[in-house]
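Below: one structure, written as structure tokens.
Remember, predicted model here, so these are calculated numbers, not experimental data.
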Amino acid sequence: MQRVVCTLMLFLLAAVLHAGEGRTETSTHISYTVASMPFEEVLLRLSNELQVNAFSIVYEIDISKALSEVAAGAQEKSALKHGTSLGFCRPSLSYALLKKSAEMLLYCPFSMVIYQTEGSDAVTVSFLKAPQLSNAFDPQELDRMIEKVIIESLDQ
């Protein structure tokens, strides 16, 4: 089992290095910084990769527009050049989570945010790590699945 985990981690690391993107992990989230392509292309690739992996995008929110309106009302400049929040779900995965632990449905639909700050050419793709809500489910499984979608979309 450890060999499989090590192999998977090496594959993920190689894919990230090949894509030339930076990965950051904190106790709460995982992020990828993409310096090699524009925001629109990153968003399109992620959307396509989610659909290829049988996910339905259940919402897409232009958060940069909403934040720009708030900033304008406060007579300030928005900090985001671009920003989109994606919610995505796969019913078969939700069903599998339900069978393991009903509390895991709190994490569904899954979400990620894609954004570019003002004054930067880099695009960031982030998602919250799955919480440990039950001993019946390893939340790292879910994190690896979402991370795989991100890596595959950036390495096309």
Side-chain angles (χ1 to χ4, degrees), residues 8-9 11-12 15-16 19 21-74 76 78-118 120-156:
L8 178 61
M9 294 308 290
F11 169 75
L12 290 174
V16 170
E21 315 307 339
R23 179 184 185 278
T24 306
E25 182 172 354
T26 71
S27 60
T28 59
H29 67 279
I30 296 173
S31 296
Y32 284 85
T33 302
V34 184
S36 60
M37 63 184 88
F39 174 85
E40 294 80 7
E41 185 174 350
V42 172
L43 180 59
L44 179 63
R45 285 178 175 218
L46 279 167
S47 297
N48 289 342
E49 193 64 35
L50 286 167
Q51 292 172 29
V52 164
N53 284 278
F55 287 98
S56 297
I57 296 175
V58 295
Y59 66 81
E60 183 173 328
I61 302 170
D62 185 345
I63 56 176
S64 62
K65 180 180 177 187
L67 293 176
S68 291
E69 291 171 2
V70 171
E76 295 176 4
S78 177
L80 288 183
K81 186 186 307 185
H82 301 286
T84 298
S85 179
L86 292 178
F88 53 100
C89 190
R90 183 166 58 195
S92 60
L93 180 58
S94 296
Y95 182 73
L97 290 173
L98 174 64
K99 287 175 67 175
K100 291 183 180 192
S101 169
E103 290 83 15
M104 286 308 296
L105 292 176
L106 292 169
Y107 196 65
C108 208
F110 316 112
S111 64
M112 70 176 67
V113 64
I114 304 96
Y115 66 91
Q116 184 176 28
T117 59
E118 286 291 347
S120 174
D121 291 331
V123 177
T124 301
V125 179
S126 295
F127 69 95
L128 290 174
K129 289 181 172 181
Q132 180 71 53
L133 297 174
S134 165
N135 290 332
F137 183 76
D138 178 7
Q140 291 179 349
E141 286 180 48
L142 200 49
D143 295 343
R144 284 189 294 268
M145 178 198 63
I146 295 171
E147 198 162 11
K148 180 179 178 281
V149 168
I150 294 170
I151 290 168
E152 289 177 356
S153 72
L154 298 178
D155 197 33
Q156 296 177 359

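Considering every non-hydrogen atom in both Val58 and Pro109, the closest pair reads CG2-CB, 3.7 Å. Of all the heavy atoms in Glu118 and Lys81, the pair that sits closest is OE2-CA, 3.4 Å. Considering every non-hydrogen atom in both Ser153 and Leu46, the closest pair reads OG-CD2, 3.2 Å. Across all non-hydrogen atoms, the minimal contact from Phe127 to Ser111 is CB-O, 3.5 Å.
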Stepwise side chain to side chain contact (heavy atoms under 4.5 Å, CB included) test for Phe39 and Val34: CA-CA 9 Å; Phe39 174 85; Val34 184; over 6 Å; no
Pair Ile61-Thr84, side chain to side chain contact (heavy atoms under 4.5 Å, CB included): steps then yes or no: CA-CA 5 Å; Ile61 302 170; Thr84 298; over 6 Å; no
Full working for side chain to side chain contact (heavy atoms under 4.5 Å, CB included) between Met112 and Ile114: CA-CA 7 Å; Met112 70 176 67; Ile114 304 96; 4.1 Å; yes
Test side chain to side chain contact (heavy atoms under 4.5 Å, CB included) applied to Ile151 and Tyr32, step by step: CA-CA 9 Å; Ile151 290 168; Tyr32 284 85; 3.4 Å; yes
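Looking only at distances, a side-chain donor or acceptor of Thr26 sits under 3.5 Å from a matching main-chain atom of Thr28. At distances below 3.5 Å, not a single donor-acceptor pair connects side-chain atoms of Glu49 with backbone N or O atoms of Ile150. No donor-acceptor pair closer than 3.5 Å links the side chain of Asp143 to the backbone N or O of Lys129.
Taking CG from Leu43 and CE from Met37, the interatomic distance works out to 12.0 Å, rounded to the nearest 0.5 Å. Within the model, atoms NZ of Lys148 and CD1 of Ile146 stand 12.5 Å from one another, a figure rounded to the nearest 0.5 Å. Rounding to the nearest 0.5 Å gives a distance of 12.0 Å between CD of Glu76 and OG of Ser68.
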Listing, residues 85-99 side-chain donor-acceptor contacts under 3.5 Å, not counting sequence neighbours, or none:
unit_1: Arg90; atom_1: NH1; unit_2: Asn53; atom_2: O; d: 2.6

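With sequence neighbours excluded, no residue forms a salt bridge (Lys or Arg N to Asp or Glu O under 4.0 Å) with Glu40. Residues satisfying the side chain to side chain contact (heavy atoms under 4.5 Å, CB included) criterion with Gln51, sequence neighbours excluded, are Ile57. With sequence neighbours excluded, the residues forming a side chain to side chain contact (heavy atoms under 4.5 Å, CB included) with Thr124 are Ser31, Thr33, Tyr115, Ser126, listed by chain and number. Looking at residues two or more places apart in sequence or on another chain, you find a side chain to side chain contact (heavy atoms under 4.5 Å, CB included) between Ser120 and Thr117, Ala122.
Identified under the salt bridge (charged side-chain N to carboxylate O under 4.0 Å, His left out) test for residues 50-64, with sequence neighbours left out: none.
By the 4.5 Å heavy-atom criterion applied to side chains, Leu142 and Phe110 are counted as neighbours. In this structure, Thr24 and Ile30 have side chains that are not in contact, with every pair of non-hydrogen atoms separated by 4.5 Å or more.
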